[in-house]
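Chain letters run A, B, ... following the sequence lines, proteins first, then strands; residues in each count from 1. If you're wondering where the values come from, they're calculated on a predicted model, not measured in any experiment. Below, all heavy atoms of this structure are taken into account, side chains as well, without hydrogens, waters or symmetry copies.
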Amino acid sequence: MATLSNREIADTFETVADMLQIKGEIIHRVLSYRRAGEAIRELPRDLHMIASEGKLTEIPGIGDTLAAKITEMLETGKLEFYERLTKEIPPGLVAIMRINGVGPKKAKLFWEQLNITTIQELEAAAREGKLRDLAGMGAKSELKVIEGIEALSRQTGRFSLGIALPAAQKILDQLLTVPGAIEGAIAGSIRRGKPTIGDVDLLVASDDATPIMDKFVHMENVARILGHGPTKSSVELLNGLQVDVRVLEKARWGTALNYFTGSQAHNIHMRELALEKGYSLNEHAFSPVDKDKNIIEDAPKILCATEEEVYATVGLPWIPPEIREDSGEIEAAKAGTLPNLIVIGDMQADLHMHTTWSDGVLSVREMAEAAKRRGRKYIVITDHSRSLGIANGLTIERLLEQQKEVRMVDAMMAPDFRVFHGTEMDINADGGLDFPDEILAQLDFVIASLHVSLRQERPQIMQRLLTAISNPHVDMIGHPRAQYIPDREPVDADMDAVFEAAKKHGTVLEINANPRRLDLEAQYVRRAIELGIPLSINTDAHAEDHMDLMPYGILTARRGWAEAKNIINTWSVERFVEWTTSRGK
DNA sequence: GCCGTTTTCGGCCCGACTGTTTTCAGTCG
């Protein structure tokens, strides 16, 4: 039977939303499909499982109608409603809407007036000058379409947080050198710690926007100016990254930072709360409204210089940016049950790293000292195992040889700092583990990870993962979904079953802090915590500077509502030793 | 199409910028 993944169903709903919008459906119906698509995309559980429990309508944004459509897709592999729509609206128009500056109205215009249904046809028409005479179009709009198509072909999709965050900081630092710039912040999805970034949102407080905007659009790495207004400008950088800058007065910093941090869903919820309190909220201020929700012009507005004031005005405590997704954080804030999210200072240890014994660039001693400089109290050396030839994986003989060196370094650095010996053992393609139990029993901490044959079918992947999770010597699964951002999709794993097994065997699941991984992702972190599964945040460092990637792991954990108590490497070394010992080492 | 200590019907967040317009529609976030 045809089976669809959460992602394919989310894609279908979002495509349906676009098609309905081209049709001119009322926007709220369109948004329902779009919101449902987003909700499904972020779901930590398989829709099959939720459907079999009859709980589809418990997903926020899914009612009876959409639940029935999900069920239809799960059972038949397709959606009749979508099939019908494709006969009415050419699917190519959905792709045309991805061009910057082209929305549903223009897509429909090009289609109805010129019978254009693909990006290729649109580009040809634009180059022949056929678009400029259409109603509402002109020579400039025609040029924008061409530029938009060129930009689209350059685009490599979303950027990883590890690329976007440093780039954003660099630009912000430049803008803050402009005289009159008082304060700056990175807002948007970077501030919320999302693993992939669509565009960069920067905020600068100043009484004079002009010089800041000028500096911004004339930076040397700007490929194209997308907009240049008095308070807001946008550019596309040479690497394709889009950056937006807003300049505002310091007195409105709180509302602005809150608004531009998002998420959009969180903002909408905040504005609804504001209306309940008798105010219209925007990025500038709270404005008193009458009972028809019209702004009372001469009534004094409330300006907020800090985010704390914004939340206080709607009767809430400040909510950390990482959980502003309208996924329960506002309800938790109301109830006084916001989590006490983990911070970098809670981290006592790094349990996953590599040395020159396999594919790292520093010795055991050098890694230990690098970790100590960063305030860690203990580490585990976990080089690759024998089957991973490309990474110079350790044979049993070399592993035991390495253990002597680790013990020596540990003796040198103790008691202030401890170095333990472990492995990052491959879970082989045939489902076997790369070291026998009697060898694993001699190690302090055992990670098992998937590195090869990642495109296997779900039954093979699950057999491998469950073998590793249930082995009594395996303490942790490294980067459990084996994704690589943005190029490689995660393995096809049944995460419900992974969680069930991890819970049963007390096996730790890793939050790999490398920004190319960030695996587990936040929605799975949150689910694992709900189920009481121990987690760990590690850098997987292959060099000294990789140890500085820990904050990315912290961001991901915070997005998953993690507190220090959920993360085992916040433990003292004594507790860690006690725990590994209790696991039969 | 969703949702409900204001509602099972009637609501559903808000503004900046652009390009085409003579006062605003479309797009984006």
Side-chain angles (χ1 to χ4, degrees), chain A residues 13 16-17 20-22 24-37 39 56-70 81 96-110 131-145 147-148 187-189 197-203 209 213 217 225-234 242-248 252 255-256 258-276 278-287 289 291-295 314 326 334:
Chain A
F13 278 163
V16 165
L20 290 176
Q21 204 174 3
I22 293 169
E25 265 290 351
I26 59 160
I27 192 65
H28 302 294
R29 189 175 178 215
V30 172
L31 290 175
S32 293
Y33 279 93
R34 201 157 284 153
R35 271 196 279 265
L56 287 174
T57 54
E58 289 181 19
I59 302 167
I62 306 289
D64 290 338
T65 307
L66 291 182
K69 288 185 162 67
I70 292 170
F81 179 56
I96 285 179
M97 282 174 62
R98 282 175 40 231
I99 301 165
N100 204 307
V102 179
K105 295 283 165 60
K106 286 193 178 161
K108 189 178 185 187
L109 178 76
F110 301 148
L131 301 186
R132 62 182 66 187
D133 298 326
L134 298 173
M137 293 286 293
K140 275 190 176 176
S141 306
E142 191 175 71
L143 187 62
K144 270 186 81 172
V145 168
E147 286 176 349
S189 48
I197 302 300
D199 54 24
V200 174
D201 288 296
L202 300 178
L203 242 57
M213 291 305 186
V217 300
I225 299 173
L226 303 170
H228 187 185
T231 65
K232 175 189 166 185
S233 295
S234 301
Q242 184 180 325
V243 186
D244 299 349
V245 168
R246 275 92 170 181
V247 181
L248 53 123
R252 302 175 191 271
T255 41
N258 181 238
Y259 176 73
F260 291 116
T261 297
S263 66
Q264 193 181 22
H266 179 87
N267 287 350
I268 288 173
H269 203 152
M270 285 291 287
R271 288 168 172 200
E272 287 167 356
L273 287 186
L275 283 173
E276 287 173 23
Y279 298 101
S280 169
L281 170 62
N282 63 24
E283 59 266 50
H284 306 294
F286 286 90
S287 306
V289 291
K291 61 181 188 307
D292 295 325
K293 297 178 184 172
N294 296 312
I295 291 175
V314 295
D326 194 25
K334 268 186 191 164

Taking the minimum atom-to-atom distance to the side chain of A/K144, which one of B/dG29, B/dT18, B/dC12 wins?
B/dT18

Among B/dC13, B/dA16, B/dT27, the one nearest any side-chain atom of A/K106 is B/dT27

With respect to the side chain of A/K105, which nucleotide from B/dG15, B/dT27, B/dC14 is positioned closest?
B/dT27

For A/A139 and A/T57, find the nucleotide of DNA chain B closest to each by heavy atoms; which residue's nucleotide sits nearer the 5' end?
A/T57

Starting the side chain at C-beta, find the nucleotide from B/dA16, B/dC12, B/dG1 nearest to A/S32.
B/dG1

Can you tell which of B/dG15, B/dC14, B/dC28 lies closest to the side chain of A/I295?
B/dG15

From B/dG19, B/dT27, B/dC12, nucleotide with atom closest to A/P104 side chain:
B/dT27

For B/dT8, the Watson-Crick or wobble counterpart (both distances under 3.5 Å)
none

Check the phosphate of B/dG1 against A/K69, side-chain N and O only, distance under 4.0 Å to OP1 or OP2. Yes or no?
yes

For A/L226 and A/I59, find the nucleotide of DNA chain B closest to each by heavy atoms; which residue's nucleotide sits nearer the 5' end?
A/I59

Of the listed nucleotides (B/dG1, B/dC12, B/dT18), which one gets closest to any side-chain atom of A/T65?
B/dG1

Does B/dG1 have its OP1 or OP2 closer than 4.0 Å to a side-chain nitrogen or oxygen of A/R29?
yes

